[in-house]
2 protein chains.
Amino acid sequence: MRRNATALAAPPAPSNGATLVNVARAAGVSLATASRVFSNPELVRQDTAERVLQAAGELGFRPNLLGAKLRAQRSRIVGVMLPTLENAVFAECWHGIEEAALAQGYSLMLVTSRYDPARERERIEYLLRHRVDGLVLTVADAARSAVLEQLDAEGVPYVLAYNQAARRGKRYSVSVDNRVSARAGVETLIAAGHRRIAVVSGAFVASDRARQRHMGYQDAMRAHGLQPLPPLSLPAHTPTHTPAEVERIRQFVTAPSAPTALFCTNDMLAIGVIAILKRLGVSVPGDVSVLGYDGIELGQLLEPPLSTVAQPNNEIGARALGCLLARLEPASAGAAPDPRLPRATLLPHALREGATVGPPA
Amino acid sequence: MRRNATALAAPPAPSNGATLVNVARAAGVSLATASRVFSNPELVRQDTAERVLQAAGELGFRPNLLGAKLRAQRSRIVGVMLPTLENAVFAECWHGIEEAALAQGYSLMLVTSRYDPARERERIEYLLRHRVDGLVLTVADAARSAVLEQLDAEGVPYVLAYNQAARRGKRYSVSVDNRVSARAGVETLIAAGHRRIAVVSGAFVASDRARQRHMGYQDAMRAHGLQPLPPLSLPAHTPTHTPAEVERIRQFVTAPSAPTALFCTNDMLAIGVIAILKRLGVSVPGDVSVLGYDGIELGQLLEPPLSTVAQPNNEIGARALGCLLARLEPASAGAAPDPRLPRATLLPHALREGATVGPPA
DNA sequence: ATGAAAGCGCTAACAA
DNA sequence: TTGTTAGCGCTTTCAT
């Protein structure tokens with residue numbers, strides 16, 4: 001594909017596409033100047049810029065970001081790895097990330113891991129091959145995540161979303177205070193008069209958040225002189241209810257001195273549990289109260305609307321991205337990364353009233 | 001940042017990163033050969049390949065896809081534009097797209113439009129600047145979509161997901177047959193004994209699918225000698241129920257000779273309507289039956305499980321991507337694009353039984 | 001404020 | 001089968 005083998009001293013060769021070179025040529029400026037018009041407009045004189053812009057318009061110039069990113073040695077791409085979008089928590093979070101990133105001139109690449117370590121590895125590799133400048137991600141358990149260790153080892157900047165970084169750790173995160181907010185949630189249950197409150201969780205071992213929220217539950221119980229009950233752990237992420245699942249819940253809520261309130265560690269779980277209870281003829285909140293955690297919008301759409309500990313999902317995404325960019329661009333290409341930048345950003349939760357919590361039966 | 005300004009005839013300059021050049025050097029082969037090991041392994045001898053692979057391993061080589069994509073003049077990036085991920089339909093679709101794309105060695109860039117034309121334009125421009133080879137997208141109304149017209153004009157390959165391309169049009173799409181499937185759905189209502197059936201829809205004017213499904217409804221009614229009723233059009237995409245909305249539904253279902261069954265043009269709408277009915281003390285399906293459309297997994301999680309016309313959302317995504325790739329790689333870099341390739345792929349729907357449909361009151 | 005020149009890391013003719 | 005070579009489109013010193 002050699003073009004213009006005949007041109008000697010003449011200007012290189014008219015390439016076909018609407019590239020910067022052609023824009024520059026049409027505007028009668030150098031490639032460098034044309035480039036500056038788009039990346040550093042303040043470095044070029046007003047009228048020169050206008051000529052370039054006009055030429056660009058006429059040629060239908062569309063900057064090729066691949067070229068820019070390759071050359072610039074910073075791709076301005078942020079990789080995003082979320083467990084799944086089928087849980088609205090993460091869908092809402094993505095929207096926050098997307099708005100924030102595009103507003104700052106950053107590009108995004110999204111992958112979903114389904115909490116599968118093998119997939120996580122592979123997807124991260126995919127992102128790294130695209131030379132993302134950094135990552136925003138949620139893992140099942142930050143404390144034992146192979147993928148985070150790899151990232152640490154390679155020195156790839158990342159910010160966790162939802163996973164709450166250790167207070168004195170080196171990792172960055174944006175989340176609510178899972179433990180404190182869970183405690184606050186359970187305390188609304190206690191305030192409603194409940195004494196026998198149990199936690200319902202997805203795969204406990206797998207999720208650091210489930211564990212932290214469970215601890216918050218224990219805090220609340222102990223602070224009020226109540227006995228923490230053994231939790232019900234459900235196989236997470238089931239698309240539909242298995243008979244075995246239904247049966248376990250039946251036993252759980254009909255046993256002698258069964259709990260009068262259930263604290264589910266996430267909203268999807270709560271919604272599923274409420275459906276099962278209804279199927280079993282157990283009234284919510286008449287017979288059993290149910291409190292969720294997450295604050296997905298869907299919860300408010302249901303009847304009764306889900307009572308829940310709401311996280312600002314959109315904002316978690318937006319702030320996680322903002323935090324990452326702050327690390328990537330220390331004071332707009334200024335000094336070293338501010339060491340006092342707080343590692344774990346804690347956003348306020350909210351207690352959403354709903355109507356799935358009532359007084360004990 | 002000039003390195004090695006002293007090197008004269010000597011080999012260029014040892015660059016720092018683990019690049020292909022360095023791998024090649026370490027393996028004692030040329031850049032071209034090293035490249036082939038990764039892109040066209042069949043062109044290189046077994047043992048040579050192994051040496052290269054080993055060198056790559058030792059250097060911790062990670063291919064820079066930015067370089068590859070820039071040079072190759074085909075980015076192998078597919079742009080994806082979906083209205084929102086907060087509707088599980090599209091979240092499920094994304095997962096199908098993601099699996100399919102990564103399995104084929106393609107990269108993805110996702111944007112969400114919220115059905116907002118301004119955002120659509122802007123997001124498409126963003127994707128085009130990244131030099132996506134093609135697009136998979138869902139628009140509100142394919143028949144009057146500025147963005148599709150632009151794409152057509154620019155000759156950008158794309159495949160619609162969910163939007164059903166006209167039978168004899170030039171556009172490609174992957175969807176169910178909205179009209180036929182809607183008719184089938186409404187016929188289950190009729191089979192259950194309903195005579196007064198009404199459509200509930202989001203923004204009617206905005207969505208081509210809502211219109212097509214409404215036509216399917218009319219087909220069913222007429223075929224059975226029934227009188228189509230005026231539809232109830234609800235402000236779409238409301239996160240929560242406004243009092244006005246509740247009131248409109250109350251009047252709708254309590255009017256004299258009110259419908260005994262409602263066909264909602266999508267599942268989220270159905271879920272919201274069911275909640276409102278419950279709040280109004282109207283039993284589903286005791287007093288009014290409700291049929292949804294979409295088949296999101298969430299529907300089965302509720303109690304009663306949502307009766308719905310199910311689309312294969314995952315597969316719609318996967319197939320749309322497959323269709324696009326088939327256009328991008330005519331018979332694996334063979335002949336011209338097969339003109340007989342069907343434009344509108346119609347996938348089978350399924351009637352999901354659920355329990356929100358019963359006999360008329 | 002602008003230009004000249006040197007690549008970013010990779011692929012793909014073409015030649016050997 | 002392998003190597004040589006010429007860039008993809010852009011940004012960025014450095015010099016003017």
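Naming: A, B, ... by sequence-line order, numbering from 1 per chain.
The side chain to side chain contact (heavy atoms under 4.5 Å, CB included) test with Val156(A) singles out one residue from Leu128(A), Asp133(A), Leu127(A), and that residue is Leu128(A).
Closest to the side chain of Phe61(B), from the set dT2(C), dG9(D), dC10(C), is dC10(C). Nearest nucleotide to the side chain of Val44(B), out of dT2(D), dC10(C), dC10(D): dT2(D). The side chain of Thr48(B) approaches dT1(D) more closely than any other nucleotide in the set dG3(C), dT11(C), dT1(D). If you check dT12(D), dA12(C), dC8(C) against the side chain of Arg71(B), the one that comes closest is dA12(C). Residue Pro63(A) places its side chain closer to dC10(D) than to any other of dC10(D), dT12(D), dC10(C). Across dG3(D), dA5(C), dA6(D), the shortest atom-to-atom separation from the side chain of Ala32(A) is found for dA5(C).
Side-chain atoms of Arg62(B) stay outside donor-acceptor range of the base of dG9(C), with no qualifying N/O pair under 3.5 Å.
Taking the six-membered ring for Trp and thresholds of 30 and 60 degrees, Tyr115(B) and Phe90(B) have ring planes more than 60 degrees apart, a perpendicular arrangement.
A sub-4.0 Å separation between OP1 or OP2 of dA1(C) and a side-chain N or O of Arg36(A) is absent. Checking the phosphate oxygens (OP1, OP2) of dA4(C), no side-chain nitrogen or oxygen of Ser30(A) falls inside 4.0 Å. Remark: Gln73(A) is in phosphate contact with dG9(C), judged by side-chain N or O atoms under 4.0 Å from OP1 or OP2. An OP1 or OP2 oxygen of dC10(C) is reached within less than 4.0 angstrom by no side-chain nitrogen or oxygen of Ser35(B). In terms of phosphate contacts, Ser39(B) brings a side-chain nitrogen or oxygen within less than 4.0 Å of OP1 or OP2 of dT11(C).
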**OP:** For the pair Arg327(B) and Tyr158(B), evaluate side chain to side chain donor-acceptor pair (under 3.5 Å) and give the outcome as yes or no after the intermediate values.
**Re:** CA-CA 9 Å; Arg327(B) 293 182 60 189; Tyr158(B) 65 88; over 6 Å; no
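Regarding Arg129(A), its CZ atom lies at a distance of 11 Å from the P atom of dC10(C), rounded to whole Å. Residue Leu31(B) contributes atom CG, which lies 12 Å from atom P of dC8(C) at whole-angstrom precision. Rounded to an integer number of Å, the gap from Leu66(A) CG to dG9(D) C1' is 9 Å. Asn22(A) places its CG atom 11 Å from the P atom of dC8(D), with the value rounded to the nearest Å. Regarding Lys69(A), its NZ atom lies at a distance of 12 Å from the P atom of dT12(D), rounded to whole Å. Leu20(B) has its CG atom 13 Å from the P atom of dC8(C), to the nearest Å. Atom P of nucleotide dT11(D) and atom CG of Leu70(B) are separated by 12 Å, given to the nearest angstrom. Residue Arg25(A) contributes atom CZ, which lies 13 Å from atom C1' of dG9(D) at whole-angstrom precision.
Note on Leu43(B): a base of the nucleic acid sits closer than 4.0 angstrom, heavy atoms only.
Checking Ser107(A) against His130(B) by side-chain atom types alone, a donor-acceptor pair falls below 3.5 Å.
Annotation: of the two residues near DNA chain D, Ala49(B) and Arg131(B), the 5′-most nearest-nucleotide partner is Ala49(B). Residue Gly67(B) is the one, among Gly67(B) and Thr33(B), whose nearest nucleotide of DNA chain C lies closer to the 5' end (criterion: closest heavy atom).
With hydrogens and angles ignored, the 3.5 Å screen pairs no side-chain donor or acceptor of Ser145(A) with any backbone N or O of Asp141(A). In this structure, Thr48(A) contributes its side chain and Val44(A) its backbone to no donor-acceptor pair below 3.5 Å.
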